[in-house]
Amino acid sequence: DEKIEQHDYDVVVIGAGGAGLRAAIEARLQGKRTAIISKSLFGKAHTVMAEGGCAASMGNANSNDNWQVHYRDTMRGGKFLNNWRMAELHAKEAPDRVWELETYGALFDRLPDGTISQRNFGGHTYPRLAHVGDRTGLELIRTLQQKIVSLQQEDFKATGDYESHIRVFHECTITELFKTDGKISGCFGYFRNDGRFVRFDAPAIVLATGGVGKSYSVTSNSWEYTGDGHALALRAGATLINMEFLQFHPTGMVWPPSVKGILVTESVRGDGGVLKNSDGKRFMFDYVPDVFKEQYATTEEEGDRWYEDADNNRRPPELLPRDEVARAINSEVKAGRGSPHGGVYLDIASRLKPEQILKRLPSMHHQFKELADVDITKEPMEVGPTCHYVMGGVEVDPDTAMSIVPGLFAAGEVAGGMHGSNRLGGNSLSDLLVFGRRSGKGASEYVDALGTKPAVATEDVNEALDRALLPFSTSTDGGENPFQVQQELQKTMHELVGIIRKEDEMEMALKKLEDIATRTRTVSVSGHREFNPGWHLALDLRNMLLVSLCVGKAALERQESRGGHTRDDYPVMDSDWRHLLLVCSALGEDNVELTRKEQLAMRPELFDLFELDELKKYYTGEELGGHRAGEG
Ligand code: FAD
């Protein structure tokens, strides 16, 4: 008989990155007893790795900036497939969330006049990213953790117990969500260090589990990002949207093999770094798509002048949205103009003085020196695309962050909609602060309105326990090693549902995934439950598989190219697809059903923020009827 530790909370937040911490702070501020659970050590999340900064239209570096400009940039970046209400809330609330962080103790870099400094990034019209050198995520996490400690100190004064209202459970992986009478009632998991099982009874759960990059063989993501939240949501009856859209960041390290995929921040380009091929040519000028022609420089001279005088020059094409730059690099390498290790060159050394590089990009300097023995103040870096961010995620109500399952909320990278088909750099840190707060508030209000808490059913707990122990069972004896199956899955996704996609390859991928599903069901592990990485992976594999099926099925269905979804066989963006969302729901334990859904039309005053000529590039004639310019 297995003993299962049990805890009771009002709100359980799964994930301790920026979204989870901000959600937990909000739930506690609303008086809720809140648990924060994280699979990794507390403080170790993707958020901590974020380098470039947090987008917010404070207008410090250019007073022309405001929420409307940020909103327009975000919608353009997502190729107008974004959930416009989320993009609106995000653009309006991001500056307040950055300010609030300073009241919690953050200290962003400053402009000479003492206001918060803002840096340039791809797709943003004005310098907009609040930053702390190239270690912005570290400051964000440090500050949110500090706020939690200060709230715990307040709670100690009031109750004599630091953890009376907010408690952190780290190195704890959640494997199942519980529902009772259709509503969330709790969740189940295990502690990674000693394998003991735990259940949390709670009427509201916020998923803040981040991304899915570990389903690909080249990724900037670390080991935790196996799509757990996406899969937990699906299995609980929630829906995922936009899963065909994955962001391949244009600049990951390509050499040496052991570090392939590790991120090279976009700030290198924001600060003047340029991309060159093996002929020494700045090739991005050849890759500006029609929809962006008016906003980007046509000569190197103009592009260079923009860094000094952004009002009178157009930005260089190295700062196009990420999907464009990643595809361009891919084409150069394919055309045989790549660097020796299959990337292209990113040159900051000939653009800034060594002391400027060391001041603005200290982590990049350290990373290349330590990992590749390259001194970026003297030599160019070799870079290539790496799987970085998933635009797709849990379909939520924009204002409350609740999914279609009562009591289940999602915020941050695990939520879908906000970024449409492509996220702009810097828009994630702001997203997770804005919607982290909203999800904490939404969950608290839900709990207040609920009345009695739904009770967890004992059978559900027993089932969760059996499932967690399955990889040790004798029925799977002789099953495959989970690491082998994971590798196969990563290779399948990387090669067949990667940056450029084709129908026959994706069909092949889906066939392979069927086989991988069978093998996943019977992976076996030996040994005991104390820190057993094979066992951990066996449980994660189930999630990676389900998420990969969503990506594969949605990518096969969408017959156009848009943002983070490029079809070799349908290379053009098609207005008839813009208003369609592909919605995934779970079909049994390890299959997925795909349905189409119409996007809600943009509110008229938001629609009117765009010129009709621009909208014509994205919308069908019929949809343009309501625009202020009055055309059909
Ligand atoms: P994360 O910060 O990813 O946290 C997820 C949490 O969930 C972790 O605590 C994890 O342990 C936990 N978790 C996951 N599964 C489980 C489970 N089953 N049980 C319990 N806990 C679980 N964005 C920007 O805006 N600007 C940048 O400059 C920037 N730079 C980046 C650099 C790198 C190298 C990377 C990888 C990403 C970068 N991004 C950037 C993207 C951004 O950092 C992430 O999208 C964002 O931090 C995600 O935050 P989150 O709170 O949603 O989740």
Side-chain angles (χ1 to χ4, degrees), residues 12-23 35-56 94 119 121 129-132 134-138 140-141 144 168-177 187-192 198 200 205-214 219-232 247 249 251-253 261-267 270 322 363 367 386-391 393 410-415 419 423-433 435-436 439 536 539-540 542-543:
V12 164
V13 178
I14 308 177
L21 296 185
R22 189 61 191 83
I36 303 172
I37 304 172
S38 80
K39 182 167 160 174
S40 34
L41 287 166
F42 195 49
K44 156 78 186 71
H46 268 162
T47 304
V48 90
M49 294 156 76
E51 294 156 356
C54 175
R119 71 160 36 121
F121 241 53
L129 270 65
H131 58 96
V132 183
D134 57 3
R135 295 179 183 139
T136 311
L138 179 65
L140 205 131
I141 285 287
L144 292 172
V168 177
F169 297 84
H170 72 167
E171 290 207 274
C172 176
T173 301
I174 296 302
T175 57
E176 266 356 290
L177 301 181
C187 60
F188 176 92
Y190 65 95
F191 287 93
R192 290 167 52 82
V198 57
F200 295 87
I205 290 185
V206 178
L207 295 171
T209 48
V212 308
K214 273 294 165 197
T219 178
S220 64
N221 290 191
S222 55
W223 64 267
E224 309 95 294
Y225 299 97
T226 49
D228 296 2
H230 289 76
L232 287 167
Q247 182 166 83
H249 194 291
T251 60
M253 293 180 80
I262 290 186
L263 194 74
V264 179
T265 174
E266 186 168 327
S267 317
R322 290 176 174 170
S363 306
Q367 179 173 315
T386 176
C387 180
H388 183 57
Y389 184 89
V390 61
M391 269 67 75
E413 193 167 338
V414 69
H419 305 284
R423 174 181 71 93
L424 294 184
N427 267 3
S428 172
L429 292 188
S430 41
D431 165 4
L432 47 95
L433 291 172
F435 294 104
S439 65
H536 302 165
L539 299 179
D540 293 347
R542 216 180 140 211
N543 302 331

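Both counts, for ligands and for their atoms, begin at 1 and track the order of listing. Computed from a predicted structure; not experimentally measured.
Protein heavy atom at the shortest distance from atom 26 (N) of ligand 1 is Gly53 O, 3.1 Å. Atom 32 (C) of ligand 1 has as its closest protein heavy atom Leu263 CD2, 3.2 Å. In terms of protein heavy-atom proximity, atom 12 (C) of ligand 1 is closest to Gly15 CA, 3.6 Å. Annotation: atom 37 (C) of ligand 1 to nearest protein heavy atom, His388 CE1, 3.3 Å. Among protein heavy atoms, the minimum distance from atom 16 (C) of ligand 1 is reached at Lys39 CD, 3.6 Å. For atom 20 (C) of ligand 1, the nearest protein heavy atom (residue, atom name, distance) is Cys172 O, 3.3 Å. For atom 9 (O) of ligand 1, the nearest non-hydrogen atom of the protein is Ala16 N, 3.0 Å. The protein atom (non-hydrogen) at minimum distance from atom 42 (C) of ligand 1 is Ser428 OG, 3.5 Å.
Taking a 4.0 Å cut-off on heavy atoms, Ser220 registers as neighbouring ligand 1. No heavy atom of Val414 sits closer than 4.0 Å to any atom of ligand 1. Ligand 1 does not have Phe42 within reach: every non-hydrogen atom of the residue lies 4.0 Å or more from it. Ligand 1 is approached by Gly18 to a heavy-atom distance shorter than 4.0 Å.
Atom numbering of ligand 1 starts at 1 in the shown order; those under 4.0 Å from a heavy atom of Tyr389 are 45 (O). Of all the atoms in ligand 1, the ones that sit under 4.0 Å from a non-hydrogen atom of Gly426 are 24 (C), 25 (O), 26 (N). Each of the following atoms of ligand 1 lies closer than 4.0 Å to a heavy atom of Thr173: 18 (N), 19 (N). Every atom of ligand 1 with a heavy atom of Asp228 under 4.0 Å away is listed here by number and element: 15 (N), 16 (C), 17 (C), 18 (N). Contact atoms of ligand 1 toward Gly210: 3 (O), 5 (C), 52 (O), 53 (O) (distance under 4.0 Å to a heavy atom of the residue). Proximity to Gly52 (heavy-atom distance under 4.0 Å) selects the following atoms of ligand 1: 27 (C), 28 (O). Taking a cut-off of under 4.0 Å to the non-hydrogen atoms of Ile37, the atoms of ligand 1 that pass are 21 (N). In the vicinity of Leu432, heavy-atom distances shorter than 4.0 Å reach the ligand 1 atoms 46 (C), 47 (O), 48 (C), 49 (O), 50 (P), 51 (O).
Between the CG atom in Leu207 and the CG atom in Leu232 there is a gap of 6.5 Å [rounded to 0.5 Å]. Summarising the geometry, atom CD belonging to Gln247 is positioned 4.5 Å from atom CZ belonging to Arg322; distances are rounded to the nearest 0.5 Å. Atom CG of Leu432 sits about 5.5 Å away from atom CG of Leu429, to the nearest 0.5 Å.
Distance alone, capped at 3.5 Å, places no donor-acceptor pair between the His131 side chain and the Gly53 backbone. Under a 3.5 Å cut-off, the side chain of Thr251 and the backbone N or O of Val264 do form a donor-acceptor pair. In terms of modelled atom types and a separation under 3.5 Å, the side chain of Thr219 and the main chain of Cys387 share a donor-acceptor contact. Looking only at distances, a side-chain donor or acceptor of Gln367 sits under 3.5 Å from a matching main-chain atom of Leu263.
For atom 44 (C) of ligand 1, the candidate residues are Met49, Lys44, Glu413; the nearest heavy-atom contact is made by Glu413. When the heavy atoms of Arg423, Arg22, His46 are ranked by distance to atom 39 (N) of ligand 1, first place goes to Arg423.
Residue contacts with ligand 1 for Ile14 involve side-chain atoms from C-beta outward but no N, CA, C or O (heavy atoms, distance under 4.0 Å). Residue Ser222 does not touch ligand 1, judged by heavy-atom distances below 4.0 Å. Counting heavy atoms closer than 4.0 Å to ligand 1, residue Asn427 contributes backbone atoms (N, CA, C, O) but none from C-beta onward.
The shortest N or O to N or O distance between Glu51 and ligand 1 is below 3.5 Å. Taking distance alone, with nitrogen or oxygen atoms compared against 3.5 Å, Ala45 stays at or beyond that limit from ligand 1. Taking distance alone, with nitrogen or oxygen atoms compared against 3.5 Å, Phe121 stays at or beyond that limit from ligand 1. Residue-to-ligand polar distances place Thr47 within reach of ligand 1: an N/O pair is separated by less than 3.5 Å. For the pair Gly412 and ligand 1, the shortest N or O to N or O distance does not fall below 3.5 Å. At least one N/O-N/O distance between Leu429 and ligand 1 falls below 3.5 Å. Polar contact with ligand 1: present for Ala19 (N/O pair, distance under 3.5 Å). On a distance-only criterion, Gly211 and ligand 1 share no N/O pair closer than 3.5 Å.
Across Cys172 and Phe200, no two heavy atoms sit closer than the pair SG-CE1, 4.3 Å. Heavy atoms only, all atoms of each residue included: Gly17 and Ala45 are closest at CA-CB, 3.6 Å. When all heavy atoms of Val206 and Ser439 are compared, the pair lying nearest together is CG1-OG, 3.6 Å.
Every ring pair (Phe, Tyr, Trp, His ring centres under 6.0 Å) that Phe188 has, sequence neighbours left out, goes to Phe197.
Thr386 and His249 share no side-chain donor-acceptor pair at under 3.5 Å.
No side-chain heavy atom of His46 sits under 4.5 Å from any side-chain heavy atom of Tyr389.
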Run Asn427 and His419 through side-chain hydrogen bond (donor to acceptor under 3.5 Å, both in side chains) and show every step you take.
CA-CA 8 Å; Asn427 267 3; His419 305 284; 4.8 Å; no
Should His388 and Ser220 be marked as a side-chain hydrogen bond (donor to acceptor under 3.5 Å, both in side chains) after you check the CA-CA gap, both sets of side-chain angles, and the distance that decides it?
CA-CA 5 Å; His388 183 57; Ser220 64; 2.6 Å; yes
From CA spacing to verdict: salt bridge (Lys or Arg N to Asp or Glu O under 4.0 Å), Arg119, Glu51:
CA-CA 12 Å; Arg119 71 160 36 121; Glu51 294 156 356; over 6 Å; no
Between Ile205 and Ile174, does the side chain to side chain contact (heavy atoms under 4.5 Å, CB included) criterion hold? Intermediate values first, please.
CA-CA 11 Å; Ile205 290 185; Ile174 296 302; over 6 Å; no
Applying side chain to side chain contact (heavy atoms under 4.5 Å, CB included), run through Lys44 and Glu224 and close with a yes or a no.
CA-CA 10 Å; Lys44 156 78 186 71; Glu224 309 95 294; 2.8 Å; yes
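Checked options Asp228, Thr209, Thr226; the residue passing with Asn543 is Asp228 (criterion: side chain to side chain donor-acceptor pair (under 3.5 Å)).
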